[in-house]
Amino acid sequence: MPALVLLGAQWGDEGKGKATDLLGDRVDYVVRYQGGNNAGHTVVIGDQKYALHLLPSGILSPNVVPVIANGVVIDPGVLLEEIKGLTERGIDCSKLVISTNAHLITPYHRTIDKVSERFLGKSKIGTTGRGIGPAYADKINRIGIRVQDLFDPSILRQKIEGALRDKNQVLIKVFNRKDIEVEDVLEEYLRYAEILRPYVADTVLLLDNALKAGKRVLLEGSQGTLLDVDHGTYPFVTSSNPTAGGACTGSGIGPTKIDRVIGIVKAYTTRVGSGPFPTELFDEDGEKLRTIGGEVGVTTGRARRCGWYDAPIARYAVRVNGLTDFFLTKLDVLTGWEQIPVCVAYEIDGKRVEELPASQSDFHHAKPIYEYLPGWKEDISGATKISDLPKNAQDYITFLEKISGAPMSAIGVGPGRTQTIVVKDFI
């Protein structure tokens, strides 16, 4: 049975956790394939809210095997704290599987992330300071520490010593910070070894065997398309590939084994951190979206920047991911506006541009061209089918579908697990 990919179609925070949880009872494996604890998913089940950072959303579905694959960077302390927190709330985490090839975030990654960001001043990227970028940099520089290294103390020591040889010089001489002791890092990470050992496996083989056995595998991205290090608004991006191509490299599942790619897209647009954002609002509408939508980062606690729906971004997400479907979230947040602007194109240097410009400089100067749709005042949070929605809400969905390039197969009308209209089955 083929795998399917679920990813963010904007700048992240689109509601991927809700979408994954909706499919959780109908898949056998949920695989996190990139990123680290710089991202978060919020899942609401009944009156309970769960904020997940490293664990796949499938951890909340009893019959699902949650997998942290090779493309993820793991802070062991954060992971174990998250497992502990869920276990205390009655969630069984014993099925979790962690790739032996996933890379680890260390204390020196976190330190370098924080001091480097401060050093940039006004040019800062807006990282979370959790060591994600430095850990991926070490991976590419081939000096990273992998999960499997925890089980060989000699190799672990060699790798920590090799990494700190240069990094301590930078911390001392460039940033005027104290050095980090090899023994401190080694002692801490050897403690993690035996705790994590029961979870560790060859996840590439595990997932291949699962697909051969007819199991359904859901590949879950964190962040979003425009934060992809190759295809996003560089340099204001994350350090991995949230796009569909990253699902293949980050899990070891080949592209011919994937048959659906679902893009999660908000009924408006948000982003966290620095970088261009053509439809960003700095007025009462922006504050209203932020307040009603609860737009605060799950991991960072930072208020999200808010703006209207951006169709060129949606079309770009379709293009670079090969999206087969959209899952539209937070439609209920738009209730109450007399009219709702939708960005259909940009004006750049006096010219109308229909697609996301290839030049980052052009994108920085892009001005949104809006079309205005009539709003609605009716409460839609209890809708279970499209016909339950007021006509203007239905027309809004139809318009977004027409200009975005892929069908809207599900509509979120509230934060709850059941507050979703399924238009077309994903599985």
Side-chain angles (χ1 to χ4, degrees), residues 1-9 12-35 39-46 48-52 55-69 86 91-93 95-97 207 210-211 213-225 242-244 246-248 250-251 253 257-266 298 317 321-331 384-385 406-427:
M1 184 175 286
L4 68 152
V5 180
L6 191 149
L7 52 82
D13 307 309
E14 301 94 348
K16 293 179 291 295
K18 175 185 174 69
T20 306
D21 184 61
L22 178 69
L23 297 171
D25 292 333
R26 306 179 62 191
V27 298
D28 302 291
Y29 293 77
V30 174
V31 183
R32 173 80 179 273
Y33 62 81
Q34 51 75 225
H41 296 324
T42 300
V43 179
V44 179
I45 303 176
Q48 296 293 307
K49 180 184 288 188
Y50 298 89
L52 305 175
L55 291 170
S57 299
I59 197 81
L60 300 174
S61 299
N63 298 321
V64 165
V65 177
V67 177
I68 298 177
L86 287 182
I91 303 297
D92 180 16
C93 298
K95 290 184 178 180
L96 175 67
V97 184
L207 295 172
L211 290 169
K215 303 296 184 181
R216 195 58 158 155
V217 175
L218 172 61
L219 299 163
E220 174 190 44
S222 62
Q223 287 99 19
T225 296
T243 45
C248 296
S251 68
I253 293 176
K257 295 178 181 177
I258 296 171
D259 70 339
R260 300 288 290 277
V261 183
I262 304 163
I264 314 304
V265 62
K266 268 180 186 164
V298 177
N321 293 297
L323 296 184
T324 56
D325 307 85
F326 277 116
F327 187 134
L328 184 70
T329 62
K330 293 200 168 185
L331 182 65
T384 58
K385 53 186 183 296
M408 301 285 179
S409 294
I411 315 294
V413 293
R417 194 177 214 178
T418 60
Q419 289 179 294
T420 303
I421 299 170
V422 178
V423 182
K424 176 186 175 185
D425 209 348
F426 291 119
I427 300 176

If you define the side chain from C-beta out and look only at heavy atoms, does anything of [X] sit under 4.5 Å from [Y]?
X      : Y      : value
Val65  : Lys215 : no
Ile253 : Leu211 : yes
Val31  : Leu207 : yes

Using a strict 4.0 Å threshold on nitrogen-to-oxygen distance, state whether Arg26 and Asp425 make a salt bridge.
->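 Salt bridge present between Arg26 and Asp425.
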Keeping the roles fixed (side chain from [X], backbone from [Y]), state whether a donor-acceptor pair exists under 3.5 Å.
X      : Y      : answer
Ser61  : Asn63  : no
Lys16  : Gly263 : no
Lys330 : Glu14  : no
Tyr33  : Ala244 : no
Thr243 : Thr225 : no
Asp28  : Arg216 : yes

[X] side, atom [atom1]; [Y] side, atom [atom2] - distance, nearest 0.5 Å:
X      : Y      : atom1 : atom2 : value
Ile59  : Ile91  : CD1   : CD1   : 8.5 Å
Leu218 : Tyr29  : CG    : OH    : 13.5 Å
Leu331 : Met408 : CG    : CE    : 10.0 Å
Leu23  : Ile262 : CG    : CD1   : 5.5 Å
Gln34  : Ser251 : CD    : OG    : 11.0 Å
Leu52  : Glu220 : CG    : CD    : 8.0 Å

Kindly give the heavy-atom pair with the smallest separation between [X] and [Y], and that separation in Å.
X      : Y      : answer
Ser57  : Val30  : N-CG1, 4.4 Å
Leu219 : Ala247 : CD1-CB, 4.1 Å
Leu323 : Ala406 : O-CB, 4.4 Å
Val261 : Gly322 : CB-O, 3.8 Å
Gly35  : Ser222 : CA-OG, 3.9 Å
Ile258 : Cys248 : CD1-SG, 3.8 Å

Does atom NZ of Lys95 have more than 12 heavy-atom neighbours from other groups under 6.0 Å away?
-> yes
Before giving the answer on side-chain contact (heavy atoms from CB on, under 4.5 Å), spell out for Arg260 and Asp325 the whole-Å C-alpha distance, their side-chain angles and the decisive distance to 0.1 Å.
-> CA-CA 8 Å; Arg260 300 288 290 277; Asp325 307 85; 2.9 Å; yes
Kindly determine whether Val97 and Ile68 satisfy side-chain contact (heavy atoms from CB on, under 4.5 Å), including the steps that lead there.
-> CA-CA 6 Å; Val97 184; Ile68 298 177; over 6 Å; no
Among Val423, Ile411, Thr420, which residue meets the side chain to side chain contact (heavy atoms under 4.5 Å, CB included) test with Phe327?
-> Thr420
